[in-house]
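I have placed the structure first, in the form of structure tokens, so that the comments after it can refer back to it.
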Amino acid sequence: MSLDLQVNASLKPFNSFGVDVKASLFAQAHSDADVREALLCAVEHQLPLLVIGGGSNLLLTGDVSALVLRMASRGIRLLEDDGDRVIVEAEAGEVWHAFVLWTLEQGLSGLENLSLIPGTVGAAPMQNIGAYGIEIKDVFVGLTALDRQTGELREFSLAECNFAYRDSLFKQQAGRWLILRVRFALSRATRLHLEYGPVRQRLAEQGIEQPTASDVSRAISSIRSEKLPDPAVLGNAGSFFKNPLVSAAQADELKLAHPGLIGYPQADGQVKLAAGWLIEAAGWKGFREADAGVHRLQSLVLVNHGSATGLELLALAQRIQADIQQRFAVQLEMEPNVY
Ligand code: FAD
Ligand code: NAP
């Protein structure tokens, strides 16, 4: 028995909003054996099990009546290497950005656009994390998960994960699969994705004409550090809403009424609207009520100025949703996992 169980534990250090709530029981899992012990423990205490990583995509609306298990397993290994394509496996508790930097140090490209995303490797497949035109599905080859219903291990291939925009089978079947380790196919040859204007612009400002994957990682990290609030300083969970997809006809109609509207046509004919633009146009940028607010630079990010409760943040999100629906007839979907 190695699990260190804490009773009535504060979750404030374990959620990036810094919401001050407690868990009935809390433990950290450093191994598969710890995970199995925690599952038994939850049954013994007649509590549900809530698995977390870095807590950077959570909104906790009150004390959590559960055994909260924080994944802290470590380990990165090369599984295959044919000279160009390299398969790398990382344990769920590895810190995502540290893992990205490790791959770059090995001369491997593929994850550079996903630099500086908070959280863990194990949570990355949950919403198929994405940034600057890349999602993990683009480099994902498989993962090992524990089926919490049967206690059996299951291997998932790319095709079985149902990855979509900020979505996956694991999010759709929330609470069933506990992700233990994830595998990625990376490349020794550099194949960069520089479609997003700000990245090209930052590299040009730095006078870099032929960027390496590490150059792209540094450029993206610098952009992100300037634009996004650091959760250690100002509580937040990154983008609070997904970018909504609307029909081309609705996008055209909205564009007539709002010429500044930002939309990106998708392969399936729909148009992805920049949710941040809608929220800013509706006047919410920098809004604050008590300690719950909208970031002054990035209106897609809700912030906790100090002692906002999860319910206050949720109420603000719902007001924004209702306002955007009323002004633009567009339904905004929340991105963080609300408990
Ligand atoms: P947590 O918040 O701890 O958990 C998220 C969900 O996954 C929960 O439902 C939890 O139960 C579940 N979960 C966690 N670990 C496991 C596991 N091992 N097995 C099964 N279920 C698990 N996201 C992006 O996609 N792109 C971005 O660019 C981005 N930028 C961000 C910037 C900031 C400043 C912040 C605060 C957040 C950002 N995010 C972004 C959101 C967040 O970083 C990601 O969703 C990240 O993958 C969450 O990881 P985590 O370990 O913190 O997960
Ligand atoms: P941005 O560069 O200001 O762009 C605004 C929006 O327009 C983004 O949401 C992005 O969609 C879209 N966009 C921009 N250029 C595009 C292109 N060439 N093709 C298609 N879509 C384009 O966005 P930002 O807020 O600074 O974020 C930069 C990147 O980091 C984005 O990819 C964003 O998703 C990611 N990010 C995510 C989170 C999170 O919590 N989920 C937090 C911070 C940043 P997409 O969002 O679909 O890329």
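Each residue takes its place number in the sequence, starting with 1. For ligands, and for the atoms within them, numbers begin at 1 and follow the listed sequence. If you're wondering where the values come from, they're calculated on a predicted model, not measured in any experiment. These values consider heavy atoms only, across backbone and side chains, with no hydrogens, waters or symmetry-generated copies.
Contact analysis leaves E135 out of contact with ligand 1, as no non-hydrogen atom separation drops below 4.0 angstrom.
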Present, as a list of atom pairs with distances to 0.1 Å, all nitrogen or oxygen contacts under 3.5 Å between ligand 2 and the protein.
from: ligand 2; atom 1: 3 (O); to: K227; atom 2: NZ; distance (Å): 3.0
from: ligand 2; atom 1: 9 (O); to: N243; atom 2: ND2; distance (Å): 2.8
from: ligand 2; atom 1: 11 (O); to: N243; atom 2: ND2; distance (Å): 3.3
from: ligand 2; atom 1: 11 (O); to: K272; atom 2: NZ; distance (Å): 3.0
from: ligand 2; atom 1: 15 (N); to: Y264; atom 2: OH; distance (Å): 3.3
from: ligand 2; atom 1: 21 (N); to: Y196; atom 2: OH; distance (Å): 3.1
from: ligand 2; atom 1: 21 (N); to: K272; atom 2: NZ; distance (Å): 3.0
from: ligand 2; atom 1: 25 (O); to: Q298; atom 2: NE2; distance (Å): 2.8
from: ligand 2; atom 1: 26 (O); to: K227; atom 2: NZ; distance (Å): 2.7
from: ligand 2; atom 1: 32 (O); to: Y132; atom 2: N; distance (Å): 2.9
from: ligand 2; atom 1: 34 (O); to: R166; atom 2: NH2; distance (Å): 2.7
from: ligand 2; atom 1: 40 (O); to: S239; atom 2: N; distance (Å): 2.8
from: ligand 2; atom 1: 41 (N); to: E335; atom 2: OE1; distance (Å): 3.4
from: ligand 2; atom 1: 41 (N); to: E335; atom 2: OE2; distance (Å): 2.8
from: ligand 2; atom 1: 46 (O); to: N243; atom 2: ND2; distance (Å): 3.1
from: ligand 2; atom 1: 47 (O); to: K272; atom 2: NZ; distance (Å): 2.7
from: ligand 2; atom 1: 48 (O); to: Y196; atom 2: OH; distance (Å): 2.6

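Scored by the side-chain hydrogen bond (donor to acceptor under 3.5 Å, both in side chains) test, R288 finds D291 as partners (sequence neighbours excluded). Qualifying salt bridge (charged side-chain N to carboxylate O under 4.0 Å, His left out) partners for K22, counting only residues two or more places apart in sequence or in other chains: none.
Hydrophobic clustering, defined by side-chain heavy atoms of Ile, Leu, Val, Met, Phe, Trp and Tyr closer than 4.5 Å, groups V216 together with Y132, L192, L194, Y196, V199, L203, I208, I220, I223.
Residue contacts with ligand 1, taken as heavy atom pairs separated by less than 4.0 Å, involve Y339 solely via side-chain atoms from C-beta onward. For N128, no heavy-atom contact with ligand 1 is shorter than 4.0 Å. Contacts of A174 with ligand 1, taken as heavy-atom pairs under 4.0 Å, are absent altogether. If you look at Q127 next to ligand 1, the close heavy atoms, those under 4.0 Å, all belong to the side chain.
Counting heavy atoms from C-beta outward, V95 and V121 have side chains that stay 4.5 Å or more apart.
Ring planes of F156 and F170: perpendicular class, angle over 60° (limits at 30 and 60°).
Y264 has its ring centre no less than 6.0 Å from the ring centre of W277.
Applying the 4.0 Å criterion to heavy atoms of N337 picks out, from ligand 1, the atoms 5 (C), 6 (C), 8 (C), 9 (O).
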